[in-house]
Amino acid sequence: MERVDSPLCGNADLGEIVNKFIINYPEAIWLKDSNLKIVRANNLYYEYFKNDKVQENSEIDNRILQSGCSKTFSLCTQNKNRVLSVTATPVKNKDRVEYIVYTSKDITGQEELKERFFVNKYQLSALLENVPELIYMKAPDGKYITGTKYSKEFFEKGFDYFHKTYLDFSALKGGNMCEDNFVIENNRPISYEKEINDSNGVPHWYKIYKAPINTYNNGVIGIIVMVNNIDDEKLLQAQRETFVASLGHDLKNPTLAQIRAVELLLKGNFGNIPKEQKDILEMVLDSCKYMKAMLSSLLATYRNERGAVTLNYEEVQLPELTSECVGEMIYLAKDKGVNIEIKDSCTNPVVFGDKVQIKRVIMNLMSNGIKYAFKDSLIKIKLYNESDYTCFQFENSSPYIPPDKREAIFAQYVSFAEAHKELGIGLGLYTSKKIVDAHGGTIFVNSFEDERNIFGFKIPNIRDNICAAKTVVF
């Protein structure tokens, strides 16, 4: 585009001022006279419109000449691919428009951001429209924002479209604000299972996940909720439980018979027994007693209806309970030549929890620790305090556990027993984690390449533990 340098007016001083203003203007600026010809423009204008014929686009110019009013419009440059917001302002002399001043602002970034926003919006809309799940977002005050196709009807009426079921709306709403407040106040997600009756009184199981929606500065502006029916999972779990419970019960009777028979033999009821045979029978008796203890533990896992256990909180002396568990596990340890050493450094030995369930945790951890420990090795049990927690941990010598296996070790039905030629169904550590979590505690595992493994847990020793649950669902 050819540069122009026409005089603006007869006043030389005024013309010089205008020239300096145009030259130093930070964005593209240009002037047209009443004949719509360019009379002044800065360098940025020529960079943007080097090959364009802007002066020939006179539709807006003619409107300004006729109306004498300013106009703002968007203009795309072919050179450098920029988007400008242009304001055209008439300069009048005795009600006659002599010039039009065009000032611009580069809004390319804003337009690209706006375009990305709409693309993301359409992508999100397509995703929400087609995902076959109940997922929705709520404002902090509990109001529905948006969600997948059938989530609003679920939110407002309790209708599960995917299972064609109307749920008890009052039960569905119950506890929602408490859960929402927990997510907002703690700025972290929660996940839980809940049994809800439908309109006919038939119970259904749902897994509910709630997570905060954060701003760039980590503030919470809403909650995302995901609801999934797990009736099929619960049915399969119940079938597994029934099978294992039946198997355990059927194995318990012959085990008791074996124990009684060996005890009678050792008492000499059937005649004197040589010392060598007596030693072997004592080992057989120890193994049978351990089998009985394991079967009792297995049956305890399944005897609770639908896996829900009410927790009975009391003051529990963790060192005493640990010693009791070691006494019951001594048969298994002796069979592998494993020695157990207890070190108690607790200043506060108490935990507040369900004694039976905490014992299950210790027995499960010790059972695994002995099962995988190398023969003729040492298990070190350590009891100590950490802030408001009383802690239990054991260290054994056993195969190294890689990080990816450590992440999955507490999952349901995950077992590495087969890899070590052991028998296991992957419930002991899963059950233990559920129990510790319900007490507001933490369960942990560390593994070292020198084949040392540490398992343990910590449970609050404060009486009024707000994180503790009333029940634990397995």
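All figures in this text were calculated on a predicted structure; none of them were measured in a lab. Below, all heavy atoms of this structure are taken into account, side chains as well, without hydrogens, waters or symmetry copies.
- Atoms OG and CG, from Ser125 and Asn130 in turn, are 10.5 Å apart once rounded to the nearest 0.5 Å.
- Partners of Arg463 by salt bridge (Lys or Arg N to Asp or Glu O under 4.0 Å), not counting sequence neighbours, listed by chain and number: Glu315.
- Residues satisfying the side-chain hydrogen bond (donor to acceptor under 3.5 Å, both in side chains) test with Asp279, not counting sequence neighbours, are Lys275.
- Here the OG1 atom belonging to Thr431 is positioned 5.5 Å from the CZ atom belonging to Arg360, to the nearest 0.5 angstrom.
- At most 12 heavy atoms of other shown residues, nucleotides or ligands fall within 6.0 angstrom of atom NZ in Lys343.
- The shortest distance between side-chain heavy atoms of Ile342 and Ser323 falls below 4.5 Å.
- Between Val220 and Ile213, every side-chain heavy-atom pair lies at or beyond the 4.5 Å cut-off.
- Phe117 contributes atom CZ, which lies 9.5 Å from atom OH of Tyr122 (distance to the nearest 0.5 angstrom).
- Under a 4.0 Å N-O distance rule, the pair Glu193/Lys234 qualifies as a salt bridge.
- No donor-acceptor distance shorter than 3.5 angstrom exists from the side chain of Thr146 to the backbone of Met137, with no hydrogens or angles considered.
- Between the side chain of Asp168 and the backbone N or O of Asn197, no donor-acceptor pair lies under 3.5 Å.
- The salt bridge (Lys or Arg N to Asp or Glu O under 4.0 Å) check on Asp354 picks up nothing, with sequence neighbours excluded.
- A cation-pi geometry, defined here as NZ or CZ lying under 6.0 Å from the six-membered ring centre and within 45° of its normal, does not hold between Lys152 and Tyr150.
- With contacts defined as side-chain heavy-atom distances shorter than 4.5 Å, the pair Leu318/Pro349 does not qualify.
- When atom types are taken as modelled, the side chain of Asn272 and the backbone of Gly268 share no donor-acceptor pair closer than 3.5 angstrom.
- In this structure, CG in Asn218 is found 5.0 Å from CG in Asn187, a value given to the nearest 0.5 Å.
- Thr108 places no side-chain N or O within 3.5 Å of a backbone atom of Arg82 that could act as its donor or acceptor partner.
- Inter-residue side-chain proximity for Phe49 and Thr77 is flagged as met; some heavy-atom pair is nearer than 4.5 Å.
- Arg452 is linked by a salt bridge (Lys or Arg N to Asp or Glu O under 4.0 Å) to Glu395, Asp450, counting only residues two or more places apart in sequence or in another chain.
- The ring pair (Phe, Tyr, Trp, His ring centres under 6.0 Å) check on Phe182 picks up nothing, with sequence neighbours excluded.
- Taking both residues in full, the closest heavy atoms of Val183 and Ala211 are given as CG1-C, 3.9 Å, listed atom of the first, atom of the second, then distance.
- In terms of heavy atoms, Tyr136 sits closest to Ser151 at CB-OG, 3.7 Å.
- Taking Thr322 as the reference, nothing meets the side-chain hydrogen bond (donor to acceptor under 3.5 Å, both in side chains) condition, with sequence neighbours excluded.
- Atom CZ of Phe270 sits about 6.0 Å away from atom CG of Leu265, to the nearest 0.5 Å.
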Quick one, Tyr48 with Asp106, criterion side-chain contact (heavy atoms from CB on, under 4.5 Å). Give me CA distance, side-chain angles, the key distance, then yes/no. CA-CA 11 Å; Tyr48 284 155; Asp106 190 338; 3.5 Å; yes
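- Atom-to-atom distance recorded for Ile381:CD1 and Asp344:CG is 11.0 Å, nearest 0.5 angstrom.
- Using a 4.5 Å heavy-atom cutoff, the side chains of Ser432 and Ile443 are in contact.
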Go through the steps for Lys336 and Tyr372 under the test side-chain contact (heavy atoms from CB on, under 4.5 Å), then give the verdict. CA-CA 10 Å; Lys336 289 196 72 170; Tyr372 295 112; over 6 Å; no
Quick one: do Ile60 and Phe73 satisfy side-chain contact (heavy atoms from CB on, under 4.5 Å)? Show the steps, please. CA-CA 9 Å; Ile60 295 176; Phe73 55 94; 3.6 Å; yes
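- Side-chain contact check for Leu285 versus Leu281: every heavy-atom pair is 4.5 Å or farther apart.
- Distance alone, capped at 3.5 Å, is enough to place a donor-acceptor pair between the Asn453 side chain and the Pro399 backbone.
- Under the 3.5 Å distance criterion, the side-chain polar atoms of Asp198 are matched with a main-chain donor or acceptor of Asn200.
- Distance alone, capped at 3.5 Å, places no donor-acceptor pair between the Lys105 side chain and the Glu27 backbone.
- A donor-acceptor pair is defined here as one N or O able to donate and one able to accept, closer than 3.5 Å; such a pair exists between the side chain of Thr148 and the backbone of Ile135.
- Listed by chain and residue number, His439 satisfy the ring pair (Phe, Tyr, Trp, His ring centres under 6.0 Å) test with Tyr313 (two or more places apart in sequence, or in another chain).
- Residues Pro212 and Pro189 share a closest heavy-atom pair of CD-N, 3.8 Å.
- Residues passing the ring pair (Phe, Tyr, Trp, His ring centres under 6.0 Å) test with Phe374, sequence neighbours excluded: none.
- Taking Asp437 as the reference, Lys433 meet the salt bridge (Lys or Arg N to Asp or Glu O under 4.0 Å) condition, with sequence neighbours excluded.
- Ring planes of Phe155 and Tyr144: tilted class, angle from 30 to 60°.
- Looking at residues two or more places apart in sequence or on another chain, you find no side-chain hydrogen bond (donor to acceptor under 3.5 Å, both in side chains) involving Glu276.
- Taking both residues in full, the closest heavy atoms of Val83 and Cys76 are given as CG2-SG, 4.2 Å, listed atom of the first, atom of the second, then distance.
- When atom types are taken as modelled, the side chain of Asn396 and the backbone of Gly369 share a donor-acceptor pair closer than 3.5 angstrom.
- Identified under the salt bridge (Lys or Arg N to Asp or Glu O under 4.0 Å) test for residues 110-119, with sequence neighbours left out: Glu111-Lys114.
- What you find for Pro26 and Leu44 is that their closest heavy atoms are O-CD2, 3.7 Å.
- Residues passing the side-chain hydrogen bond (donor to acceptor under 3.5 Å, both in side chains) test with Asp160, sequence neighbours excluded: His163, Tyr206.
- Not less than 6.0 angstrom separates the ring centroid of Phe154 from the ring centroid of Phe159.
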Please report the C-alpha distance between Thr390 and Leu383 in whole Å, then the side-chain angles of each, then the deciding distance to 0.1 Å, and finally whether the side-chain contact (heavy atoms from CB on, under 4.5 Å) criterion is met. CA-CA 7 Å; Thr390 299; Leu383 303 169; over 6 Å; no
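- Between Leu365 and Leu429, some side-chain heavy-atom pair lies under the 4.5 Å cut-off.
- Nearest approach of Ile273 to Leu266, heavy atoms of both residues: CD1-N, 4.3 Å.
- With Ser447 contributing its side chain and Tyr400 its backbone, the two residues share no donor-acceptor pair below 3.5 Å.
- Between Asn229 and Phe162, the closest side-chain pair of non-hydrogen atoms is not below 4.5 Å.
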